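Not measured: the values here are computed from a predicted model. To find a chain, count down the sequence lines: A is the first, B the second, and so on, and within it residues start at 1.
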Amino acid sequence: MSDPRTIQEIQRSIRTKKAVRMTVLTIFVFTVAILYFSPVLYMHLSAFKTEYDAVSPSLFFKPTLDTFQKVLGDETMYGYLKNSLFQVFVGTIISLLLGIPAAFALTFGKFKYRTTNNKIYLWFLTTILLPPVAVIIPLYTWFQTVNLIDNRFGLMIIYVGFHVPIVVWMLHSFFSDVPVEILEAAEIDGCSRFQQLTLIAAPLVKTGIIAAGLLVAVFIWNEFFLAFNLTGNEAATLPVYMARFREQQGMFVAQLSAASTVVILPAVIFGWISQKSLVKGLTAGGVKG
Amino acid sequence: MSGVTLKDLVKRYPNGFQAVNSINLEIHDKEFVVLVGPSGCAKSTTLRMVAGLEEISDGQILIGDRVVNGVAAKDRNIAMVFQNYALYPHMDVYKNMAFALKLRKFTKEEIDKRVRRAADILGIVPLLERKPKQLSGGQRQRVAVGRAIVREPEVFLFDEPLSNLDAKLRVTMRAEVTKLQHQLETTMIYVTHDQVEAMTMGDRIVIMKDGYIMQVGTPLEVYDSPDNEFVAGFIGSPAMNFFRAKLVQADGGLAVDTGSFQVKVPKEYHDAYGSYKDKDVTFGMRPENIADDLPEDSRGQWEKLNAVVRLIEPLGAEIILEMESGQQRFTARVDPQSKSRLNQTAQVYFNMRKMQLFDVKTEQVIPRR
C-alpha cells in the first residue's frame with residue numbers, strides 16, 4: 001500500500017514535527033535555565049535597590065547606584081581584594097610552573113617500566129577527589145605549629161597543592177596528543193629535555209595551558225572553605241569577606257547583593273573569555289579531533 | 001662523514017623480550033644501506049638505537065671510530081627523518097629547518113645560507129614561510145628531509161619516510177632521495193617494510209626478521225642468490241613460489257619431484273645438489289622464471305609441464321597468472337600477449353637454471369655450486 005501523500009506533503013509534515021519538537025525543547029531548556037539563574041538575578045536586582053526596596057523581591061523598582069557606592073567605599077574590602085588577587089596570580093602561576101613540567105614528565109618521561117607513568121598520574125588524580133573537609137583539622141593543627149595560620153604564603157602553599165593536580169590532569173591529555181616523534185626530532189636536533197618542553201611541547205599545548213590557568217584562577221578566586229578556616233583578618237580573601245559581611249554589618253540585603261555582584265564579576269568575565277578554550281581543555285583527550 | 005658499525009647489538013626490554021638479537025653490521029662511509037623486513041622485525045628499533053632514541057642493552061654502536069653507546073642523541077651528529085614527518089607545527093618551514101642550527105648557536109648568516117641552499121636542493125623555496133599544516137604530504141616530507149640536510153650530519157637516518165605518501169608520490173620521492181644521496185655523499189640508513197623501496201634505493205640491503213639479520217647484500221645479490229627461504233620469499237613481487245618436493249634420480253640425472261609434477265635439474269647443478277638426493281627439499285622458482293609460451297629454439301633448460309589457469313591479473317606490462325598443477329599452486333609472471341585462458345590447461349615452462357633449493361629443516365639455501 002502506498003502513501004497517498006505527495007513527497008512535498010511528507011516533507012512538510014516532517015518539518016512541522018521537527019519545529020514542534022524544537023519549540024518544546026527550547027521552552028524546557030529556558031525554564032530550567034531561568035530556574036537556575038533566578039537567585040543570581042535576584043542578587044543582581046537587589047544590588048540596584050535601596051535597602052528599603054530590597055526587602056521585597058519585586059521586579060519593578062527605581063534602580064540606584066547608591067548601594068554600590070557604599071560597598072565600594074568600604075575600605076576594609078580592599079585588604080581582602082589584595083589578598084584575593086595575590087592568591088589568584090601567585091597561586092595560579094606557581095601551580096602552572098609546577099604542573100606543566102609534571103604533566104610533561106608523566107606523559108613523556110621514560111621510567112624503567114612503562115606503567116610507572118600511569119601509576120603516578122593516577123595518584124595525582126586521586127588527590128583531586130580529596131575533599132578539603134577531610135584534611136582541614138590536621139591541616140589546621142599543623143599550620144598552627146608552623147605558624148602559618150592567617151598567613152598569605154601559608155594559604156598559597158595549600159592552594160598550589162590543591163591545584164597542581166588539576167593542571168596535571170588537564171595538561172596530561174593535551175600532551176598526550178603531541179606526537180612523540182616531534183619531541184624525538186627535537187631531541188636529535190639538539191634540544192635538552194627542558195628545551196623540548198619550553199621550545200616545542202609547551203607552545204603546542206598553549207590552549208591547554210591557558211585553559212588550565214583560567215580554571216585554576218577561577219577556582220582560587222572562588223575558594224571559600226580553606227580560606228575561611230585558615231585565615232583571620234590578615235590573609236583572608238574576598239569570599240571570607242562576604243561571609244563576614246553579615247556578622248559585621250548586619251543583614252543588609254542590598255549591600256550584600258552589591259558586594260556579591262562585584263565579587264563574582266571577575267569569575268564571570270574569566271568564564272566568558274575562556275569559554276572556548278575551557279571547553280576544549282576539559283574535553284581534550286576524550287574525543288580525538 | 002663516517003661509517004656506522006653495529007657490534008653484537010642487543011635490545012632487551014624490561015619484560016625480558018629480546019627485540020634485537022646480537023646484530024653485526026658494518027655500514028661504510030657514504031653508503032646507502034636499507035634495513036628491510038616485515039613489521040616487528042626490529043628494523044626501526046635498530047635504527048632508533050643508532051639515533052640514540054633507544055637504549056642499547058648490549059653490544060656497541062660506532063659512528064666513525066667513536067663508540068656512541070652513552071652519547072645523547074643530540075651529540076651524535078646524526079639527523080633523522082620520521083614516517084609522520086614530525087615537523088614542529090608551530091614553526092614555519094624556515095624555522096623548522098633553522099631550529100637545529102639555532103640551538104647549536106650558528107650565526108644568522110650561516111643559518112640563512114644553509115637553509116636556503118637546502119630549500120633550493122629540495123625545491124621548497126616558495127614554501128619557506130608556510131606552516132606545516134599548509135603543506136601537502138610530499139611537501140612536508142621534503143621539509144623534513146631539508147631539516148636533516150641543513151645539519152650536514154655524519155649520518156642520515158630515515159624511518160619509513162615515504163610510507164605516508166600516496167603510491168605515485170612515493171615513486172617520485174624514492175628517486176629524489178636516491179639522487180639526494182648521490183649529491184650529498186653522506187652515509188644513509190633507511191628503514192622500510194617495502195622491498196621495492198629497498199631494491200631500488202639501497203647500495204646494500206639488510207633483510208631482517210625477528211631481530212635477526214637474514215642477509216646482507218646488494219639488491220641483485222639478495223635477489224639472485226638468497227641465503228634462505230625467508231629472503232627468497234620476501235624479496236621480489238610477486239613472491240617466489242615454493243614447493244615441498246623431493247630430489248630424485250631420473251633418466252640418469254636429478255629431478256625435483258613435487259608429487260604433482262617432476263622437473264629435471266640442469267646438469268651443472270648435479271654436483272652441488274648430489275648430497276640431497278632422495279631427501280625432502282623446498283623447491284623455489286620465481287614467477288618471472290615461469291613462461292606460458294616459448295619459441296621452440298629457446299627451450300633448452302626450460303622444463304615443460306601442464307597447469308590450469310585459476311586467476312588472471314592483467315597489469316598492462318605483464319600478466320600475473322595463478323596456476324594449479326595437481327596439488328601444487330603457483331604464480332607465473334608472463335608476457336601481456338599471453339594466450340592463456342581462465343580455467344583452461346596451459347603448457348608452462350620452468351627456467352630450471354634459476355631454480356633454488358632450500359633445506360627443509362634449516363630453511364637455508366642449498367648452494368648451487
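By the 6.0 Å contact criterion, CZ on F225(A) is enclosed, its count of non-hydrogen atoms from other residues, nucleotides or ligands being greater than 12. More than 12 heavy atoms of other residues, nucleotides or ligands lie within 6.0 Å of CZ in F111(A), so this atom counts as buried by the packing criterion. No more than 12 heavy atoms of other residues, nucleotides or ligands sit less than 6.0 Å from atom CD1 of I7(A). No more than 12 heavy atoms of other residues, nucleotides or ligands lie within 6.0 Å of CZ in F89(A), so this atom counts as exposed by the packing criterion. Surrounding CD of E55(B) are at most 12 heavy atoms belonging to other residues, nucleotides or ligands under 6.0 Å away.
E54(B) contributes atom CD, which lies 7.0 Å from atom NZ of K110(A) (distance to the nearest 0.5 angstrom). Distance check, rounded to the nearest 0.5 Å: CD1 of I182(A) to CZ of F82(B) gives 10.0 Å. One finds the CE atom of M91(B) at 4.0 Å from the CD1 atom of I200(A) (value rounded to the nearest 0.5 Å). Within the model, atoms CD of Q195(A) and NZ of K74(B) stand 7.0 Å from one another, a figure rounded to the nearest 0.5 Å.
Proximity of a side-chain donor or acceptor of H90(B) to a complementary backbone N or O of A201(A) within less than 3.5 Å is not detected. For Y88(B) (side chain) and A186(A) (main-chain N/O), a donor-acceptor pair under 3.5 Å exists by modelled atom type.
Between chain A and the residues N84(B), L87(B), N15(B), D159(B), the most heavy-atom pairs under 4.5 angstrom are made by N84(B).
Between D189(A) and R104(B), no side-chain nitrogen of the basic residue sits less than 4.0 Å from a carboxylate oxygen of the acidic one, so the salt-bridge criterion is not met. Under the 4.0 Å criterion applied to side-chain N and carboxylate O atoms, E184(A) and R48(B) are assigned as salt-bridge partners.
Closest of all the heavy-atom pairs between R147(B) and A185(A) is NH2-CB, 3.4 Å. When every heavy atom of C191(A) is checked against every heavy atom of L103(B), the shortest pair comes out as SG-CD1, 3.5 Å.
Screening V180(A), L183(A), I188(A) for a side chain to side chain contact (heavy atoms under 4.5 Å, CB included) with L53(B), the sole residue that qualifies is I188(A).
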